[in-house]
Structure formats: structure tokens, C-alpha cells
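One structure is given here, and the rest of the page talks about it.
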Amino acid sequence: MNTSGEVPTTISVISTQVLDWTDGVVGYLIEQGYSLSHITSDDQQHEALNAPYPDIIMGIGDVQSLSSLRAIHNETDHETTRPVFVLITDNYSGELPLDWADLVLPPTPHYIDYQLRTVLRLRAENTALVRSNRELKAQVDETRQHLLELQRDSDHIEILKTAIVHNVAHELNTPLLQVKSAVSLLAESAADRGEQEVLAARLATNATGRLESIIRNITRLSKAMDPNLGPVMLRHTFAAALRSLNRSWQPDRDIERIQANIPDDLPHLYADSEGLTIVLELLLDNALKFSRENATTPVELSAICDGETVEISIKDYGIGIPKDKWDRIFETFYQVDSSTTRSYGGIGVGLAIVRLILERHDTRVYVDSKPGAGSTFSFKLNVYSLK
Ligand code: ADP
């Protein structure tokens, strides 16, 4: 198609009359650079329908060319870019149903040329718009499809992960409980036996204790990954953390050392109560564990509200952490001193769990510490608001 003169605009002219290619409308259009062909017979009509379509199919004058034009229009595949249908007549009264014709023009050459250019330009713009619209739609469909697949994958992984965690925890727990009761029976009777048996029983007790804590942490981790945020009272979660510490009581964790300073009028926090309980329990457990040599020092929990957030800190006066390890301690299985496991127990996942739970609350945990003087772990949570 051509409205700028590069490629000639093609017009198939339908007319029963012999056309004078040098005269009138036809002559003028050729002069303007349009490429015209004449259709008279049925065969030629069908030829006119063969792709690629001409840009314009034009009927000139009489009733017969009008009906041919209409027949061609009805056969044209309108899904693809269709030709512009133009009827040239000087006696169109508006009585014929011409809703299929795009233009009805009087046989005035200049006027026809002007109208054709306008229509062709608009059509070119429209075609470009339709094409880019189609491309955009295809892109949107593709993106949506991609998102759906990602969603399906992640749902699938999530289900799989939960199932694995659940099964692993369950599968490990059952034999562990059997071993644990067998070991405690052994330990009781070992008292009358030799030193070797006593040692073996103690080692086995420690091992079952460690396994138990691993299983507890796996279960905690899976729960923490799916937080249920809502209003939470710090006082209640602190009490729950203490109960849990009590249940897993170990001789070196003297929970009496914990001093909580929680203001009576502290507003509700926006948090997952189970997740926050786990965070408090793990931080308090570490604070007690790594300060057990200084048995007279307290472990302090405090909460300070600035109106919008509450900063919760847990401070101990224990062995402390060198500054170059402050980041690493939040990695899974990292322990500052590899002999820590032997002397303090634990497996190095507690702080990784704390970090993950707080990330699910869109916040993070900070540490401040001095070797030999003690450590403070702190984090902020939003105050719960109804808005
Ligand atoms: P675990 O306590 O089971 O070893 P964590 O992930 O809870 O694992 O802690 C990782 C490491 O960070 C600990 O092994 C210890 O070296 C250090 N750490 C954590 N809390 C304290 C603390 N309150 N005081 C001193 N060191 C700590």
C-alpha cells in the first residue's frame, strides 16, 4: 500500500463498462500513482479475492457493479486485513443498504483521491495498532502462563517440603523415643556396673538429647515458614517461651536468671505468636547457655515502644561474640567455636531459625557483643493497628 508514494496503492476497479484509462476518475487516479486493475467477469471477481488483497476494491457507477462489489465483500475473509470497499456514484440516495461499503463518493477525482488517502492512512494506523495490541496481548498471555507455571511449581515445592519435613520429623521421632527409654533403663541399671557402661549410658543420653533438639528445630522451622500474623501480647508469648524452656529443661539453663522488663501498657504487636515464641525461646536459651559460667548474672529481656514499633532485646553477660563473627552466626550450622558443640551443646541452627522467622515479619535481628562481657540480640516489631 502507498500513501507516501513508495509502493503503489493497488485498486481493483469493478465496472461493466469499458474503462478509459486516461480519462475521468480512473485516469486521474493512475496519474496520482495508484495501480489499477479492471474486473469485469465473475472469474476476475474471484481473482480479486485471492490474497494478497488489493488495497481498495472500487465499484464505479451502475447497479451491477454495485452488486458485484457487495458479493466480493461478502466473500472476503474479514479476519485478515481486508480491502477498503469504495462505491463511486453520483446518484446514491441512501436507500440501498450500504453498511458494508466503507466509502460512498461522488465521481469527483480530487475529492476521491483526498478521501482515499485519508482512509488508507487511518487504516494503516489502525492495522499497526491492532498488530501491537495483538503482540501485547500475546505477551500478557505468555507472562500470565509463566506466572501460573511458577505458582504451580512453588505450590508443588511447598507441599513437598511440608510433607518431607513432617515425615522426616515423624520418622525420626518414633525410633528416637524408643532409644531414649531404652537408654534411660540402661542408665538406671548401669549404676551397679562398671565405669564403661556408665560412660556409654551418659553418651547415649546426650546423643538422644541432641537428636531430640534437631527434630524440634526441623518442626519449628517448617512452622515458622508459614506465619499467621495478627495481634500478639508480648507478655503471653514470653510466658509461652518460658514454659517451653522449662519443658526442655537442661541442668545448665537456670531460667530463674531471666529478668523480664515488659511495660504493663505495652500495645499488642503485629506478629505470629508461635513464631515469636520460638524466637524468644531460642534467644533466651542461647543467652542462658553462653553465660552459664557467670551463674550470678541475669539474662535481661526488655521491650521499648516508640508508638509505632517495639524494640525487644535479650541481653546476657556471658562469653560474647567477636565482631567479625556477628554476621556468620546467623548462617545455618555455624558456631563461633567448633568445640562449642561439645562444651555448650546445640547444632548451630537456632539463630538461622530466628533470622528466618523475623524475615517473615519483614524485620531483622541485630547483635551487639563484646567477648568476655556479653551479648545483646535485638529486633523491632510493628505495633498492631486496626487500620
Ligand atoms: P547453637 O546455639 O545451637 O550453637 P545458634 O544458631 O543458636 O546455634 O548460634 C550459633 C552460634 O552463635 C553459637 O554456636 C555461638 O557460637 C554463637 N552465639 C549465639 N548466641 C550467643 C550468645 N548469647 N553468646 C555468645 N555466643 C552466642
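Order of appearance sets the numbers: ligands from 1, and atoms from 1 within every ligand.
In this structure, G318 does not count as a contact residue of ligand 1, since none of its heavy atoms falls inside 4.0 Å of the ligand.
Around atom 27 (C) of ligand 1, the closest heavy atom drawn from I314, L283, I321 belongs to I321.
Heavy-atom contacts of G320 reach the following atoms of ligand 1: 25 (C) (cutoff under 4.0 Å). Contact atoms of ligand 1 toward G350: 5 (P), 6 (O), 7 (O), 8 (O) (distance under 4.0 Å to a heavy atom of the residue). Distances below 4.0 Å separate heavy atoms of K289 from the following atoms of ligand 1: 1 (P), 2 (O), 3 (O). Those atoms of ligand 1 that come under 4.0 Å of a heavy atom in L351, given as number and element, are 5 (P), 6 (O), 7 (O), 9 (O), 12 (O), 19 (C).
Here D316 has side-chain heavy atoms under 4.0 Å from ligand 1, and that is the only part of it that gets that close.
When L116, D113, T9 are each tested for a side-chain contact (heavy atoms from CB on, under 4.5 Å) with Q32, only one passes: D113.
Of the possible polar contacts, one joining the D316 side chain to the S375 backbone as a donor-acceptor pair under 3.5 Å is found.
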Would you tabulate the side-chain donor-acceptor contacts of residues 259-270 under 3.5 Å, counting partners in other chains and residues two or more places apart, or write 'none'?
residue, atom, partner, partner atom, Å
D264, OD1, R235, NH2, 3.3

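Every N/O-N/O distance between F377 and ligand 1 stays at or above 3.5 Å.
Neither side chain, Y34 nor D55, offers a donor N or O lying under 3.5 Å from an acceptor on the other.
Remark: R364 is positioned above the aromatic ring of Y366, its terminal NZ or CZ atom under 6.0 angstrom from the ring centre and at most 45 degrees off the axis.
Look at E125 and R121 and you find a salt bridge, because one of the NZ, NE, NH1 or NH2 atoms lies within 4.0 Å of a carboxylate O, short of that distance.
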